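Notes follow the structure.
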2 protein chains.
Amino acid sequence: MSRLPFNEPTIQRARRIAETIPPAECDPRVEALVNDLIGRVADKWTMIALEVLAEHGELRFTQFARQMRGISQKMLTQTLRQMERDGMVTRTVHPVVPPRVEYRLTELGASLGAAFCGVWIWAEENLAKVEASREAFDAKTE
Amino acid sequence: MSRLPFNEPTIQRARRIAETIPPAECDPRVEALVNDLIGRVADKWTMIALEVLAEHGELRFTQFARQMRGISQKMLTQTLRQMERDGMVTRTVHPVVPPRVEYRLTELGASLGAAFCGVWIWAEENLAKVEASREAFDAKTE
DNA sequence: GGTGACGCTCTCCTTTAGGTGAGTATGGAT
DNA sequence: ATCCATACTCACCTAAAGGAGAGCGTCACC
């Protein structure tokens, strides 16, 4: 039961659309997995966490929180757990009181950070262009 | 009135946390803008749209939809509008019936696509590692 | 004159994201 | 005895994301 990408104009028409371009490129399984992984990894907080951890080497929970402005405790825990599960960070619990937990990047995490590096640079370089474009767009449609 | 990143343990204690690491790096305004732009641009659909458009050069609305599996019509319109506003794509409307609208990358869009390229490669290369890590993690916590 | 094509937009409605404020465990310091 | 620190977790709640399905406008066609 193959689902069409979205509902047809009105339900009984357009049973089929002319296939001007093949429906998708190659291996749909791998493609889906990669898209999925991208969705997970191209997350704002994940990217920022990667950044600050790469910068500081090792961070404790509250230090982390202070570096990531605007994140809630819950989100931070969640992001960090997810990253741990994905093998981006290691989480070391020192069994002392008060608790001491240290996070550091794995090799995998560092490599993703490096891959994102280009995007950060792009963002810094093109911030002005994007803002200008937005203003122009908004002025046109006003 | 500076807000703390999240609530203190119980409200009347911990008025202040020792500042072992300076609260943030440098220019907070630029940093915030860049983080914001990252949040906008590091969006799953934006990344995928960038990819397929880079691959096909020029796409009409329904062609686009067919390339982006699982996206709803609403999301596609929204993503495309946003990208147009940000100056990533141009939208050309041919005043014919039935309507014909073509999307293509701008230089800015292409440069972002190039910046993301590293992330795609990373995702393809490290898919297996991430999956292995997830399995190990889930097995441990079960 | 009914239907279909295209690229939307509009109205619901459900799901998810994410914030808030509190609680918990533990041992050392006061 | 009480307090405090840390790194959480939990319950609750609101806002935002995003899906489903329909409708629209216009012309060419059968």
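By convention in this document, chain letters (A, B, ...) are assigned in the order of the sequence lines, proteins followed by strands, and residues within each chain are numbered from 1. Every value quoted in this text rests on a predicted model; they were computed, and no experiment measured them.
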ask   = How close or far is atom P of C/dG7 from atom CE of B/Met68, stated in whole angstroms?
value = 15 Å
query = Can you name the closest pair of heavy atoms from B/Asp86 and A/Arg134 and give their distance?
reply = OD1-NE, 2.6 Å
request  = Consider the side chain of B/Phe61, meaning its heavy atoms from C-beta on, and name the nucleotide among D/dC8, C/dC8, C/dG19 that approaches it most closely.
outcome  = C/dC8
Distance test, side-chain N/O of A/Arg81 to OP1/OP2 of D/dT9, below 4.0 Å = yes
message = Tell me which one of A/Arg91, A/His94, A/Arg60 satisfies side-chain hydrogen bond (donor to acceptor under 3.5 Å, both in side chains) with A/Glu102.
response = A/His94
task = Output the single nucleotide from D/dA5, D/dC8, C/dA5 whose closest atom is nearest the side chain of B/Pro98.
result = C/dA5
request  = Report yes if some heavy atom in the side chain of A/Glu131 is under 4.5 Å from a heavy atom in the side chain of B/Leu33; otherwise report no.
outcome  = yes
key: Short side-chain N/O contact from A/Arg60 to OP1 or OP2 of D/dC8, under 4.0 Å   = no
ask   = Does A/Val97 or A/Leu80 map to a spot on DNA chain D nearer the 5' end, using the closest nucleotide for each?
value = A/Val97
query = Please give, in whole Å, the distance from D/dT6 P to A/Leu76 CG?
reply = 15 Å
request  = Would you indicate, yes or no, if D/dA5 has its OP1 or OP2 atom less than 4.0 angstrom from a side-chain nitrogen or oxygen of A/Arg100?
outcome  = no
Whole-Å distance separating the CD1 atom of B/Ile48 from the P atom of D/dG18 = 12 Å
request  = Would you kindly give the CG-to-P distance between A/Asp43 and C/dA17, to the nearest whole Å?
outcome  = 10 Å
task = Check the surroundings of atom NZ in B/Lys44: do more than 12 heavy atoms from other residues, nucleotides or ligands lie under 6.0 Å from it?
result = yes
key: Separation of D/dA11 C1' from A/Lys74 NZ (nearest whole Å)   = 10 Å
message = Expressed as a whole number of angstroms, how long is the span from A/Ile71:CD1 to C/dA17:P?
response = 14 Å
remark   = B/Gln73 atom CD is separated from C/dT9 atom P, nearest whole Å, by 10 Å
query = So, is A/Thr62 close to the D/dA7 phosphate, meaning a side-chain N or O under 4.0 Å from OP1 or OP2?
reply = yes
B/Arg91 vs C/dG7: side-chain N/O to OP1/OP2 distance below 4.0 Å = no
task = Identify whether any heavy atom of B/Tyr103 sits under 4.0 Å from a base atom; if not, whether one sits that close to sugar-phosphate; answer base, sugar-phosphate or nothing.
result = sugar-phosphate
ask   = Whole-Å distance between D/dC8 C1' and A/Glu84 CD?
value = 13 Å
Whether B/Tyr103 and B/Phe61 hold their rings parallel, tilted or perpendicular, with breakpoints at 30° and 60° = tilted
